[in-house]
Every structure is written in structure tokens, then in C-alpha cells.
Amino acid sequence: MNQQGKISKRIGKIYWTLVTTAGGLALSTISAFAADDIWTKFSSLMQDVYGKILGVSTIIAVTAAAVALVVRMVSRNQRAVDEATTWLKRIVVTWVILNTLGFIVAYIQPLVEGGQYKAK
């Protein structure tokens, strides 16, 4: 092997050693600054996901309810009016249940955290 090949291999080994060391240092400092445990992160992630689902479900519920109301008002077929009314009731009940779950998670869950009721 010529001199140029040996130097190239040596530079490659030094480069990857530096990259690995820098990566290890970066990961160790990140974990030192992240004081939250996995359950706190999971809880905040689930609250964020729930907030996004609630926003999308509200838009879908309003759109579906508008369609059901239009069908109910415009249709001359009694069966279609009855089905639109049934769908409108289902949409409202589902939307209320989703909002109630959000209320429980946001306000009641911190009161009973860890199985111990904390009166504030």
C-alpha cells in the first residue's frame, strides 16, 4: 500500500473518532438538560396529539352537521330527513364526548395524580 493510502486511512479513522466523540458528548449534554422523565414527555405528547385531534374533529363535525342540516331542510323525502336528524344527533353526541374527555384530562387528572386526591 502506498503512502497516500495509509494517510487517507489514518485521516478517516481520526475523522470517525472525532465524529463519534462529538456525538457522544452532544447526547450526554442533551440528556443532562432534559430533566423530564419518559412519562412527563409522554403526557405532554399525548396532550398535544389530543389537541390536534380535537381541532380536526371539530372542523369535521361542523362540516358534517352542516351537510346533515342542509339535507334535513332541503329534502322532500321523509326517510332522508329522519336519517339526517339521526346523523346530526350522533355528530353532536360524539363531539360532546370528545370535549368531555379533554376536560377530564386537562382539569380532573391533575387533581388525582398518583392515586392521591390533592385538594387545592
Side-chain angles (χ1 to χ4, degrees):
M1 194 178 257
N2 62 13
Q3 190 69 16
Q4 185 68 21
K6 288 181 183 179
I7 293 174
S8 177
K9 277 190 172 186
R10 187 174 208 141
I11 290 174
K13 286 181 181 180
I14 291 172
Y15 171 76
W16 286 111
T17 303
L18 289 174
V19 167
T20 305
T21 305
L25 287 173
L27 288 176
S28 67
T29 56
I30 288 173
S31 64
F33 289 117
D36 295 338
D37 61 348
I38 191 169
W39 300 113
T40 307
K41 288 288 191 184
F42 181 74
S43 177
S44 68
L45 177 69
M46 289 307 295
Q47 287 176 352
D48 185 45
V49 167
Y50 178 76
K52 300 225 185 290
I53 287 173
L54 192 62
V56 169
S57 70
T58 300
I59 293 169
I60 291 172
V62 167
T63 305
V67 170
L69 284 172
V70 167
V71 168
R72 190 168 182 241
M73 286 192 281
V74 174
S75 181
R76 294 175 188 226
N77 184 357
Q78 186 60 37
R79 183 172 177 232
V81 170
D82 291 341
E83 290 212 11
T85 304
T86 303
W87 273 105
L88 192 59
K89 288 177 186 175
R90 289 177 187 164
I91 291 166
V92 169
V93 167
T94 304
W95 188 80
V96 167
I97 288 172
L98 281 173
N99 279 311
T100 304
L101 289 174
F103 173 77
I104 290 170
V105 168
Y107 296 107
I108 296 176
Q109 187 254 347
L111 292 176
V112 292
E113 232 172 57
Q116 300 287 329
Y117 176 75
K118 298 177 195 172
K120 290 188 178 187

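Judged purely by distance below 3.5 Å, without hydrogens or angles, the side chains of W95 and S57 never pair a donor atom with an acceptor atom.
Legend: residues meeting side-chain hydrogen bond (donor to acceptor under 3.5 Å, both in side chains) with T86, ordered by chain and number and at least two apart, are absent.
If you take CG on L88 and CG on L69, they are separated by 5.0 Å, rounding to the nearest 0.5 Å. We find the CD1-CG distance between I53 and L98 to be 8.5 Å, quoted to the nearest 0.5 Å. Atoms CZ and CD, on R90 and E83 in that order, are 8.0 Å from each other to the nearest 0.5 Å. Separating the CZ atom in R72 from the OG1 atom in T85 is a distance of 4.0 Å, to the nearest 0.5 Å. The CD1 atom of I59 sits 10.0 Å away from the CG atom of L54 when rounded to the nearest 0.5 Å.
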Fill in: CA sep, side-chain torsions, deciding dist, call: Y50, L101, side chain to side chain contact (heavy atoms under 4.5 Å, CB included)
CA-CA 10 Å; Y50 178 76; L101 289 174; 4.1 Å; yes

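Side chains of V81 and V71 form no contact here, defined as non-hydrogen atoms less than 4.5 Å apart.
Across every non-hydrogen atom of A84 and A68, the tightest pair is CB-O, 3.4 Å.
Note on V62 and I91: separate hydrophobic clusters, where clusters join Ile, Leu, Val, Met, Phe, Trp and Tyr whose side-chain heavy atoms are under 4.5 Å apart, directly or indirectly.
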Which atom pairs, one a donor and one an acceptor, fall under 3.5 Å between side chains of residues 17-25 and the rest of the protein, sequence neighbours left out?
{"from": "T17", "atom 1": "OG1", "to": "K13", "atom 2": "O", "distance (Å)": "2.7"}
{"from": "T20", "atom 1": "OG1", "to": "W16", "atom 2": "O", "distance (Å)": "2.8"}
{"from": "T21", "atom 1": "OG1", "to": "T17", "atom 2": "O", "distance (Å)": "2.7"}

